[in-house]
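Please read the structure below before turning to the comments.
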Amino acid sequence: MSTGASPVIFREEDDMALQVTRSGKDRDGDITSLCGNGWSHPKAQAVAAIRNDSSAYYVSVGGQTAYVRVGTRNGKDYLTTSRDGYSANNLDNLPDC
């Protein structure tokens, strides 16, 4: 299993991708929603959209772009960005929705 960061390829022409500029978090810091310019999606909606390829979400900060992906921990889904070694584009570090 590779532990290195994979490069994220962002396609400007990907019209099904939504830019995430804010994230909702609960008291534990878990991501509960994704928000962008004029839209807000609860975690369940974002997870379903990513899983069925109906939409993609990305975060772009300081010229660094990372896609949002679904992970599973202890049987529960969570939202995170692909690893790229740049913390500013992590969902945890975005302003609250």
Side-chain angles (χ1 to χ4, degrees):
M1 181 166 104
S2 172
T3 58
S6 300
V8 175
I9 300 170
F10 175 69
R11 301 178 315 240
E12 292 288 339
E13 68 275 6
D14 190 352
D15 61 353
M16 305 222 342
L18 295 170
Q19 183 175 7
V20 178
T21 56
R22 297 177 313 281
S23 60
K25 302 156 196 85
D26 64 15
R27 285 184 282 165
D28 297 324
D30 295 330
I31 304 302
T32 59
S33 60
L34 302 178
C35 304
N37 189 17
W39 61 269
S40 177
H41 293 172
K43 179 178 115 174
Q45 181 180 351
V47 167
I50 292 167
R51 287 230 164 104
N52 69 28
D53 290 327
S54 65
S55 189
Y57 301 88
Y58 69 96
V59 179
S60 188
V61 176
Q64 297 286 332
T65 300
Y67 272 95
V68 176
R69 64 180 184 82
V70 177
T72 304
R73 178 177 44 234
N74 298 326
K76 294 189 175 190
D77 292 331
Y78 66 94
L79 295 169
T80 188
T81 49
S82 48
R83 286 192 230 173
D84 64 357
Y86 185 67
S87 65
N89 63 12
N90 292 352
L91 295 174
D92 292 336
N93 295 331
L94 295 177
D96 291 332
C97 292

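Throughout, numbering of the chain's residues begins at 1 and tracks the sequence. The figures here come from the full heavy-atom set of this structure, side chains too, leaving out hydrogens, waters and symmetry mates. Because the structure is predicted, anything quoted here is derived from the model rather than measured.
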Exercise. Step by step, would you call Leu34 with Ile31 a side chain to side chain contact (heavy atoms under 4.5 Å, CB included)?
Worked result: CA-CA 8 Å; Leu34 302 178; Ile31 304 302; 4.0 Å; yes

Exercise. Could you go step by step and tell me if Ser55 and Ile50 meet the side chain to side chain contact (heavy atoms under 4.5 Å, CB included) rule?
Worked result: CA-CA 6 Å; Ser55 189; Ile50 292 167; over 6 Å; no

For this session: Kindly determine whether Asp77 and Arg51 satisfy salt bridge (charged side-chain N to carboxylate O under 4.0 Å, His left out), including the steps that lead there.
Result: CA-CA 11 Å; Asp77 292 331; Arg51 287 230 164 104; 2.9 Å; yes

For this session: Report the C-alpha separation of Ser60 and Gln19 in whole Å, then their side-chain angles, then the decisive distance to 0.1 Å, and conclude whether the side chain to side chain contact (heavy atoms under 4.5 Å, CB included) test is met.
Result: CA-CA 7 Å; Ser60 188; Gln19 183 175 7; 3.8 Å; yes

For this session: Begin with the C-alpha distance, continue with both residues' side-chain angles, and end with the deciding distance and a verdict on side chain to side chain contact (heavy atoms under 4.5 Å, CB included) for Asp84 and Asn89.
Result: CA-CA 9 Å; Asp84 64 357; Asn89 63 12; 2.8 Å; yes

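In this structure, Tyr57 and His41 have perpendicular ring planes: the angle between them is above 60°, well past the 30° mark.
Among all heavy-atom pairs drawn from Cys97 and Gly24, the shortest one is SG-N, 3.3 Å. Between Ser54 and Asn52, the shortest heavy-atom distance links the atoms OG-OD1, 2.8 Å. Counting all heavy atoms, side chain and backbone alike, Gly36 lies closest to Arg22 at O-NH2, 3.4 Å.
For Asn37, the CG atom sits in a loose shell: 12 or fewer heavy atoms of surrounding residues, nucleotides or ligands are nearer than 6.0 Å. Residue Asp28 places its CG atom among more than 12 non-hydrogen atoms of other residues, nucleotides or ligands, all under 6.0 Å distant.
The shortest side-chain heavy-atom distance between Leu18 and Trp39 falls under the 4.5 Å cut-off. Counting heavy atoms from C-beta outward, Leu79 and Lys43 have side chains that approach closer than 4.5 Å. With contacts defined as side-chain heavy-atom distances shorter than 4.5 Å, the pair Tyr78/Val70 does not qualify. You'll find the side chain of Tyr86 stays beyond 4.5 Å of the side chain of Asn93, heavy atoms only.
Here the CG-OG distance, from Leu91 to Ser23, works out to 5.5 Å after rounding to the nearest 0.5 Å.
In summary, of the residues considered (Asp96, Thr32, Asp30), a side-chain hydrogen bond (donor to acceptor under 3.5 Å, both in side chains) with Lys25 occurs for Asp96 alone.
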